[in-house]
Amino acid sequence: MTAFSDFRAAVAAVAPTAAAVFGSGLSGAADGHFAAVATIAYADVPGLVPPTVAGHGGRLAVGHWDGVPVVACFGRVHFYEGHGWDRVTALVRMVAELGVKTLLLTNAAGGIRDDLNPGDLMPIRGHLKLLDGQAWRGFAVGDDSGREGEAPAEPGNAWRHLVVLEAATGNPAGVYAALTGPCYETPAEIRALRVMGADAVGMSTAVEAETAAALGLAVAGVSCVTNKAAGLAAGTLSHHDVEAVAKRAVGRLGDTLTAVLTRAG
Ligand code: HPA
């Protein structure tokens, strides 16, 4: 176990320029790419809470990703786990505070666009924030006046990274719809989301992206399509199936992140 002060010292030594967040079952993307210098459990970082969902690791590591100094965040907490947005975004604010300039967000998602099949990676060029409950109203930086009137930034706000992501995944970027969850959608909801312009659907990322962008980070996002969204394929969705597909797709996700990180600068 590393104390947070030791972890911070390792961050100072490694001087990471980018951070990556790995969602549901996607931590294996780091295998063969990432060499950790120091690791700390979220539970041991002031302000962070450990994820409760199976498949979400819950540890922060600093080290080198194919030679590039990075912070790797294995696992995230979700709004549907009962946390307020301040808790959900605490990880992003933490990595911004550690001094990184680029944030790569990954997630597992259901594919809505016809060409997206299980195992595909979709770079995110924009998002729909369809969150119920306590709506996210933007993140005030430096003052408490709020940011009403300002357009929130989306995961694709780093256009250079988006171009690299499209080349590395071989898939055109798409729009990610963020819903509250925790249940998967109904087929009727998916039909509605398609009309609204969504290409993939999940339960994370959007608010993290807006928070990071508000803090001045370049944000790029990629969805790992673990299933066709509800009603678009035979059978019912299960968290188990989502995890199994994610495990198979992590190799390509790791290579894709390398393409972005080695050009991040
Ligand atoms: N819907 C919402 N979130 C998801 C899905 C889905 O179909 N697959 C993986 N995460």
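It should be emphasised that the depicted structure is a prediction, and the values quoted were computed from it without experimental measurement. Remember, it's 1-based here, ligands and their atoms both numbered in the order they're listed.
- With hydrogens and angles disregarded, no donor-acceptor distance shorter than 3.5 Å links the side chain of Glu185 to the backbone of Ile190.
- A distance-only check finds no donor-acceptor pair linking the side chain of Thr39 to the backbone of Ala61 [under 3.5 Å].
- Note on ring orientation: taking the six-membered ring where Trp is involved, the planes of Trp65 and Phe22 are parallel (angle under 30°, cut-offs 30° and 60°).
- A side-chain donor-acceptor contact under 3.5 Å links Asn157 to the backbone of Val219.
- Residue-level contacts of ligand 1 at the 4.0 Å heavy-atom threshold are Ala108, Ala109, Gly110, Tyr184, Glu185, Val201, Gly202, Met203, Thr226, Asn227, Leu237, Val242.
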Before you tell me yes or no, could you show the steps for Arg76 and Glu208 under salt bridge (Lys or Arg N to Asp or Glu O under 4.0 Å), namely the whole-Å CA-CA distance, both residues' side-chain angles and the distance that decides it to 0.1 Å? CA-CA 10 Å; Arg76 59 157 59 88; Glu208 294 162 52; 2.8 Å; yes

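- Although no hydrogens or angles enter the test, the distance criterion places no donor-acceptor pair under 3.5 Å between the side chain of Asp255 and the main chain of Arg252.
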